[in-house]
Amino acid sequence: MENKISPKRILLTGASGTVGFETLQHLAEHTDYEITVFDIKTKKSVKKLAPFRSRVEIIYGDITNREEVLKAARNKDVAIHLAAVIPPLADTDPEMAYNVNVKGTQNLIYALEKSSPHCYLIFSSSISVYGDRINNPEIIVSDVLQPSAGDQYGQTKVLCESLIVQSKLSWSIFRLAAIMGNHKISKLMFHMPLQTPIEICTPKDTGRAFAKAVEHQKKLEKQIFNLGGGEHCVILYKSFLDKMFAAFGLGEADFPQKAFAEKNFHCGILKDGDDLDNILGFREQNLNDYFQMVRQRIHPLQKITTFLFRSSIKKWLLWQSDPYKAYKKGNLKEMDHFFNQSEEKETGKGFILKILNNSSYEN
């Protein structure tokens, strides 16, 4: 009689989030996985996860509650930890961000070490751990971790990484590039300098990476990787905004100079991002795919309405800009946070020109 191979028992936290939901869809394609989802119970999460009820065990709970986490973490082979408070909420409510991101990760590590000591933990970190890279936008994993001043989210991710590395578990950490999905226009858009080269990755490709990592533990464990879409997913932030505004019927992102910060954000280009793709082969989409997805989601009537009121909408957006408000009010402390002292900025000009001259970055 043949020995039947036991299915892998997988725990996924944060499954109702943008990346979490894509990860869940990829995992659910494997009939030999026993999947447990642990998520906070909201109207959104219940509705989003409802189609998976027959295929997946859904446990609603609070990751800041150790006892609830213990119930979900029993007898697991793999845990994909995506639950987190992200910006802009992480910046406006830093206490919540710390409790969910750091204490939540502590709770999960404790629960796994106690009831699933041989579990493989895969964690989603962020490019924000590298801090402001406007001067040197090419990033590799061994670079110093130095989140920008005031970046609560980046600071929590550094703490989480430290907890995981010091744990008794087998683990892998993926530092995610700019994951562009169902983003809403918010005041956070003004915190990134316009001349920032950004590398994006679509939620679908990111979810595919986490799902594929389940079968590549030996090649990935005890290592940290940068996760991005690759060279065909790199674009200057100014060009990215112009394309997004055009897609929504808003014309160009033609805001005053001081509407956007000049420093103290993050993002850049992941020079060693191919390392993870060479193992997992998760990249299937590029910038063209992303912008096509954006355009398909915008109803023609919505675009017409936005076009008619574009001037008023952009005026309203401008007054959401923290850098612009600091500049207009003459708030010296905030101006020092957002702006360079010299009007003549030499921040990465050679690299920026290189990107402008590379047509593949502008597609």
Side-chain angles (χ1 to χ4, degrees), residues 10 12 18-20 22-23 26-27 78-82 84 105 119-133 135-147 154 157-158 160-167 169-181 196-235 266-287 289-290 348 351 354-355 358 360-361 363:
I10 300 171
L12 173 64
T18 300
V19 173
E22 292 291 348
T23 303
H26 287 297
L27 289 173
V78 180
I80 302 175
H81 182 31
L82 307 179
T105 299
C119 184
Y120 172 42
L121 174 60
I122 309 168
F123 177 67
S124 63
S125 187
S126 165
I127 194 173
S128 64
V129 299
Y130 299 111
D132 188 340
R133 297 300 296 263
N135 282 315
N136 52 339
E138 296 185 331
I139 298 169
I140 58 175
V141 163
S142 59
D143 287 347
V144 174
L145 305 189
Q146 192 173 0
K157 287 298 184 180
V158 171
C160 288
E161 286 194 19
S162 179
L163 290 169
I164 291 167
V165 170
Q166 294 173 35
S167 75
L169 302 168
S170 175
W171 53 266
S172 292
I173 295 170
F174 297 167
R175 292 174 181 158
L176 275 55
I179 309 302
M180 297 299 181
T196 304
I198 62 172
E199 179 175 340
I200 77 159
C201 193
T202 65
K204 188 175 290 294
D205 277 358
T206 308
R208 185 181 292 110
F210 280 103
K212 284 197 166 193
V214 171
E215 301 296 336
H216 291 82
Q217 179 177 347
K218 289 184 178 179
K219 293 182 179 179
L220 300 171
E221 63 184 346
K222 301 288 186 179
Q223 295 182 74
I224 300 173
F225 295 88
N226 283 323
L227 188 159
E231 64 177 348
H232 297 297
C233 285
V234 175
I235 188 171
H266 54 265
C267 282
I269 298 171
L270 304 174
K271 288 297 291 181
D272 55 1
D274 288 350
D275 292 352
L276 186 61
D277 187 52
N278 289 337
I279 297 172
L280 301 179
F282 66 90
R283 292 173 179 165
E284 294 186 10
Q285 297 181 309
N286 56 32
L287 282 171
D289 298 314
Y290 172 72
F351 194 85
K354 175 183 173 183
I355 289 180
N358 191 330
S360 68
Y361 291 168
N363 290 333

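Since the structure is predicted, the reported quantities are computational estimates derived from the model, not experimental observations.
- A donor-acceptor pair under 3.5 Å is formed between the side chain of Asn286 and the backbone N or O of Asp289.
- Partners of Glu161 by side-chain hydrogen bond (donor to acceptor under 3.5 Å, both in side chains), not counting sequence neighbours, listed by chain and number: Ser125, Arg175.
- Closest heavy-atom contact between Ile269 and Pro197: CD1-CB, 3.9 Å.
- In terms of modelled atom types and a separation under 3.5 Å, the side chain of Ser172 and the main chain of Leu220 share a donor-acceptor contact.
- A salt bridge links Arg133 to Asp143: one of the charged nitrogens lies within less than 4.0 Å of a carboxylate oxygen.
- When all heavy atoms of Ala84 and Lys157 are compared, the pair lying nearest together is CB-NZ, 4.0 Å.
- The salt bridge (charged side-chain N to carboxylate O under 4.0 Å, His left out) test applied to Lys212 returns no partner, not counting sequence neighbours.
- Using a 4.5 Å heavy-atom cutoff, the side chains of Leu227 and Phe282 are in contact.
- The side-chain heavy atoms of Leu280 and His216, taken from C-beta on, include a pair separated by under 4.5 Å.
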side-chain hydrogen bond (donor to acceptor under 3.5 Å, both in side chains) assessment of Asn226 paired with Tyr130:
CA-CA 11 Å; Asn226 283 323; Tyr130 299 111; 2.8 Å; yes
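- Inter-residue side-chain proximity for Ile122 and His81 is flagged as unmet; no heavy-atom pair is nearer than 4.5 Å.
- Going from atom CG of Leu121 over to atom OG of Ser170 covers 8.5 Å, rounded to the nearest 0.5 Å.
- The distance from atom NZ of Lys219 to atom CG of Leu276, rounded to the nearest 0.5 Å, is 12.0 Å.
- In the displayed structure, Lys218 atom NZ is contacted under 6.0 Å by at most 12 heavy atoms of other residues, nucleotides or ligands.
- With a 4.5 Å cut-off on side-chain heavy atoms, Val19 and Thr23 count as touching.
- Of the possible donor and acceptor atoms, one in the side chain of Asn278 sits under 3.5 Å from a partner among the backbone N and O of Asp274.
- No option in Leu176, Ile80, Ile179 other than Leu176 meets the side chain to side chain contact (heavy atoms under 4.5 Å, CB included) test with Ser124.
- Here the closest non-hydrogen pair linking Val158 and Pro147 is CG2-CG, 3.7 Å.
- Enclosure of atom CD in Gln146 is not indicated, since only 12 or fewer non-hydrogen atoms of other residues, nucleotides or ligands lie within 6.0 angstrom.
- Taking the six-membered ring for Trp and the full ring otherwise, Phe174 and Phe210 have centroids separated by under 6.0 Å.
- Summarising the geometry of Ala79 relative to Cys119, their closest heavy-atom pair is N-SG, 3.5 Å, with the distance given to 0.1 Å.
- In this structure, the side chains of Tyr290 and Ile235 stay at 4.5 Å or more apart for every pair of heavy atoms.
- When side chains are defined from C-beta on, Ile173 does not count as touching Phe225, because their heavy atoms never get closer than 4.5 Å.
- Here the straight-line distance linking atom NE2 of His26 with atom CG of Leu12 works out to 12.0 Å at 0.5 Å rounding.
- Salt-bridge formation is detected for the pair Glu284/Arg208: a Lys NZ or Arg NE/NH1/NH2 atom is positioned less than 4.0 Å from an Asp or Glu carboxylate oxygen.
- A distance of 11.0 Å separates SG of Cys267 from CD1 of Ile200, quoted to the nearest 0.5 Å.
- The backbone N or O of His266 lies less than 3.5 Å from no partner atom in the side chain of Asp132, so there is not a single donor-acceptor pair.
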Pair Thr202, Gln285 - check side-chain hydrogen bond (donor to acceptor under 3.5 Å, both in side chains), show working.
CA-CA 7 Å; Thr202 65; Gln285 297 181 309; 2.5 Å; yes
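- Glu215 places no side-chain N or O within 3.5 Å of a backbone atom of Ala211 that could act as its donor or acceptor partner.
- Rounding to the nearest 0.5 Å places CG of Asp275 at 13.0 Å from CD1 of Ile224.
- With a 4.5 Å cut-off on side-chain heavy atoms, Ile198 and Val234 do not count as touching.
- The two residues Tyr120 and Ala213 make their nearest non-hydrogen contact at CE2-O, 3.8 Å.
- At least one donor-acceptor pair closer than 3.5 Å links the side chain of Ser126 to the backbone N or O of Ser128.
- Between the side chain of Glu199 and the backbone N or O of Leu270, at least one donor-acceptor pair lies under 3.5 Å.
- In this structure, the separation between CD on Gln217 and CH2 on Trp171 is 12.5 Å, given to the nearest 0.5 Å.
- Residues Glu22 and Thr18 have side chains that never bring a donor and an acceptor to within less than 3.5 angstrom of each other.
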